[in-house]
Structure formats: structure tokens, C-alpha cells
Amino acid sequence: MTDLYTIETNQILDFKNLAHFRAKVKKSLIHEELNKFLSYLQLYNYTVMGPLLNVIYSNNMVDGETILDIEYLLPVDRSIGLLKSISVSLSFL
């Protein structure tokens, strides 16, 4: 059987102009929220410059539904002005 994951140490991730979106979202709506995020970037003609990263900060059950505190990060070609629910980190190390 092949391992699906490899753990590497002493590595540095270096991304510039990270567009990021963070929200508490029902698990069933994750794809919809991701598509909204990507649509905003496409609407303003941003070019993706690297992989989509995501972080899950918490996972809670509310009324029988999983709620995720999730953040998407995506390197783009230039700095982002003020867009609804999207901001920019200048670097990610």
C-alpha cells in the first residue's frame, strides 16, 4: 500500500499576495462558499499564482450539522483592494 502523506521537516512555504477568506460554514455549504470566493477573484481578473491552501480551525456540531471554522488562502498576481469578505496577507511563511 502506498502512503498518501509525506511529512517533510525544515521546509518553508513562501507565498506573496495571499487572498484569504475565513468563515464559520456548514459543512454542506463548503463548496458553495469556495465557489463564491473564487468567483470574486475571477470577477476582478486576479490570476492564481499557486495552490489553494485551507485551514480548519474548529469543527463543531450545531443542531445536528457540522460547522467548520475554515479559511481558504490563495496566492494571486497582485495585491487585493477591499473586496467583500476577501482580504490579502502580504506573505505567508
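Heavy-atom basis, side chains included; hydrogens, waters and symmetry copies ignored.
Asp77 meets the salt bridge (Lys or Arg N to Asp or Glu O under 4.0 Å) test with no other residue; sequence neighbours excluded. Annotation: salt bridge (Lys or Arg N to Asp or Glu O under 4.0 Å) contacts of Glu32 (sequence neighbours excluded): Lys36.
Counting only heavy atoms from C-beta outward, the side chains of Val25 and Asp69 never approach each other to under 4.5 Å.
To the nearest 0.5 angstrom, Lys24 atom NZ is 14.5 Å from Lys26 atom NZ. Put simply, OH on Tyr72 and CZ on Phe37 are 9.5 Å apart, with the number rounded to the nearest 0.5 Å. For the atom pair Ser28 OG and Ile67 CD1, the distance stands at 7.5 Å (nearest 0.5 Å). Distance check: Ile70 CD1 to Leu34 CG gives 8.5 Å after rounding to the nearest 0.5 Å.
The side chain to side chain contact (heavy atoms under 4.5 Å, CB included) test with Tyr46 is passed by exactly one of Leu74, Val76, Leu38, Asn17: Val76.
In terms of hydrophobic clustering, with Ile, Leu, Val, Met, Phe, Trp and Tyr side chains grouped at heavy-atom distances under 4.5 Å, Tyr44 and Met49 are assigned to different clusters.
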Residues 54-62, side-chain donor-acceptor partners within the protein, below 3.5 Å, at least two apart:
residue: Tyr57; atom: OH; partner: Glu71; partner atom: OE1; Å: 2.4

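Contact detail for Pro51 and Pro75: the closest heavy-atom pair is O-CD, 3.3 Å. Heavy atoms only, all atoms of each residue included: Asn45 and Arg78 are closest at O-NH1, 3.1 Å.
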